[in-house]
Amino acid sequence: MRDPAATAALLDWYDAHARRMPWRVGPDARRQGVRPDPYRVWLSEVMLQQTTVAAVTAYFERFTALWPTVADLAAAPDEAVMGEWAGLGYYARARNLLKCARAVVADHGGRFPDTREALLTLPGIGPYTASAIAAIAFNRSATVVDGNVERVMARRYAVLTPLPEAKPELTALAEALTPEARPGDYAQAVMDLGATICTPRSPACGICPWQEGCAGRLQGIAADLPRKTPKKAKPIRLGTAWLARREDGAWLLETRPPSGLLGGMLGWPGTEWREEPEAGTPPVAADWREVPGEVRHTFTHFHLRLKLYRADVAMTAAPERGTFLPRERFRPSDLPTVMRKAFDLASDLAVEN
DNA sequence: AACCCGGGGTA
DNA sequence: TACCCAGGGTT
């Protein structure tokens, strides 16, 4: 049900308190009719999938400096993009980012389509991102539903159904409430509200522009919403990795398979990661030394404990797995975090030798 | 519909 | 520790 008074209160609050972000157009420019660049909106929204604003900002600045337009990104080598994405997580996003940029250039003349429906056909653009780009970049009245919006709706309407079962209900409530005017600002306003006032714990209901219409607050249950079905405990998986350095300083690395965990990223040769330990074979014959300690890292659905071995090998070494990456082409920042942790731990050992 | 997929900040 | 996050793809 539309609520013009609530919409006005929210937009007033947004105009006064909108968070500054590199991909946003400031209020002054917006009043002069400046629209955000669809490329920058798209890039920021993909980076923001399951990732916080604080984590995204530096990556966004780096990407737009390296590749100012979608055509620049489409022309970039895969390894360059995967390397720049390293550390941000959910690496399927980076693969789909490139696919999408190349599709925009090849199929849409280098311009993003301006409807939610057309945006939905592009790789890596789902219901949330399609609505966000349509509303923010193209001023279309699309309903944006992310974790913030789900929480705000669950509280505003005191929805007791637990997530994820409640998703359709919360989406319908958000759609019914979406106004026709200023769709992009409205979408970002609800999300800002969820991020800064209607927070998961200890919501600041006393300063909320929607406090009067909020059933959750009236019933005193806002902080307990949305309800969630319990999650499964994460199992512990074990693995071994081998870090070999050649005499010329090159490191033995692999490009991981294009799909699955850390797909398409650089990594150290090693065993599979399983709950039961696995012996495994080193990738090259050498005098392997055990690295004291272990790497601990938590993924979406398991905890990993990684045992490391390190060796210095001759120029004549012939590895059965992996490729020696020359020192000048190896940047530790190109590694996903678990692999960078392994490098850091093994490097400490090298100093002692 | 269920499952897979990172990483960091926060309480 | 557990939870949270401007979700999407695959099967």
Side-chain angles (χ1 to χ4, degrees), chain A residues 18-19 21-24 36 40-60 82 85-97 99-100 119-137 142-152 163-165 167-168 171 174 184 186-196 198-203 223-224 226-234 236 256-265 267 273 295-304 335-341:
Chain A
R19 305 160 77 193
M21 302 175 193
W23 47 88
R24 283 189 173 176
R40 293 167 66 87
V41 173
W42 163 72
L43 179 60
S44 67
E45 291 298 345
V46 172
M47 287 182 166
L48 286 163
Q49 291 166 6
Q50 298 299 99
T51 310
T52 57
V53 171
V56 162
T57 299
Y59 283 84
F60 179 84
M82 299 309 289
W85 196 275
L88 202 50
Y90 284 113
Y91 298 98
R93 293 186 295 170
R95 299 193 299 275
N96 286 325
L97 191 81
K99 282 188 200 168
C100 182
L119 288 162
L120 268 175
T121 68
L122 290 166
I125 298 184
Y128 164 77
T129 308
S131 290
I133 299 172
I136 298 168
T143 300
V144 171
V145 183
D146 72 335
N148 289 305
V149 176
E150 288 176 349
R151 184 172 58 255
V152 170
L163 286 170
E165 184 188 343
K167 277 176 180 290
T171 298
Y186 173 80
Q188 292 177 94
V190 183
M191 292 190 284
D192 272 19
L193 187 71
T196 62
C198 198
T199 52
R201 291 173 273 230
S202 307
D224 302 321
R227 293 185 178 169
K228 302 211 163 194
T229 55
K231 295 177 182 174
K232 281 192 219 169
K234 294 178 180 178
I236 297 171
R256 297 173 60 85
S259 64
L261 187 67
L262 306 178
M265 299 300 292
W273 300 338
V295 171
R296 292 195 178 203
H297 188 76
T298 299
F299 292 93
T300 307
H301 53 293
F302 64 92
H303 301 285
L304 175 67
L335 298 171
T337 297
V338 65
M339 300 297 176
R340 191 184 45 72
K341 286 182 182 174

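First the proteins, then the strands, lettered A, B, ... as listed; each starts at 1.
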Can you see whether A/W273 has A/R256 sitting over its ring - NZ or CZ less than 6.0 Å from the centre and within 45° of the normal?
yes
Flag the pair A/H297 / A/F299 as yes when their ring centroid distance falls below 6.0 Å, and as no otherwise.
yes
With sugar-phosphate meaning primed atoms plus P, OP1 and OP2, does A/D192 contact a base, only sugar-phosphate, or nothing at under 4.0 Å between heavy atoms?
base
Value in whole Å for how far the P atom of C/dG7 lies from CG of A/N148
7 Å
Looking across every strand, which nucleic acid part, if any, lies under 4.0 Å from A/M339 by heavy atom: base, sugar-phosphate, or nothing?
nothing
Starting from C1' on C/dT10, measure out to CZ on A/R95 and report it in whole angstrom.
12 Å
Treating primed atoms plus P, OP1 and OP2 as sugar-phosphate and everything else as base, which nucleotides of nucleotides 4-11 of chain B get B, S or - for protein heavy atoms under 4.0 Å?
-BBBS-B-
Counting only side-chain heavy atoms from C-beta out, which of C/dC4, C/dA6, B/dC3 sits nearest to A/K232?
B/dC3
Of the options A/L43, A/T57, A/V41, which is the one that meets A/W23 in a side-chain contact (heavy atoms from CB on, under 4.5 Å)?
A/T57
Among C/dG8, B/dC3, C/dC4, find the nucleotide with the atom closest to the side chain of A/K231.
C/dC4
Between A/M191 and A/N96, just flag the one whose closest nucleotide in DNA chain C comes earlier from the 5' side.
A/M191
Length of the CG-P vector between A/L119 and C/dG8, whole Å
12 Å
Compare side-chain N and O positions of A/T129 against OP1 and OP2 of C/dG8 and report whether any pair is under 4.0 Å apart.
yes
From CD of A/E150 over to P of C/dC5, roughly how many Å is that when rounded to an integer?
8 Å
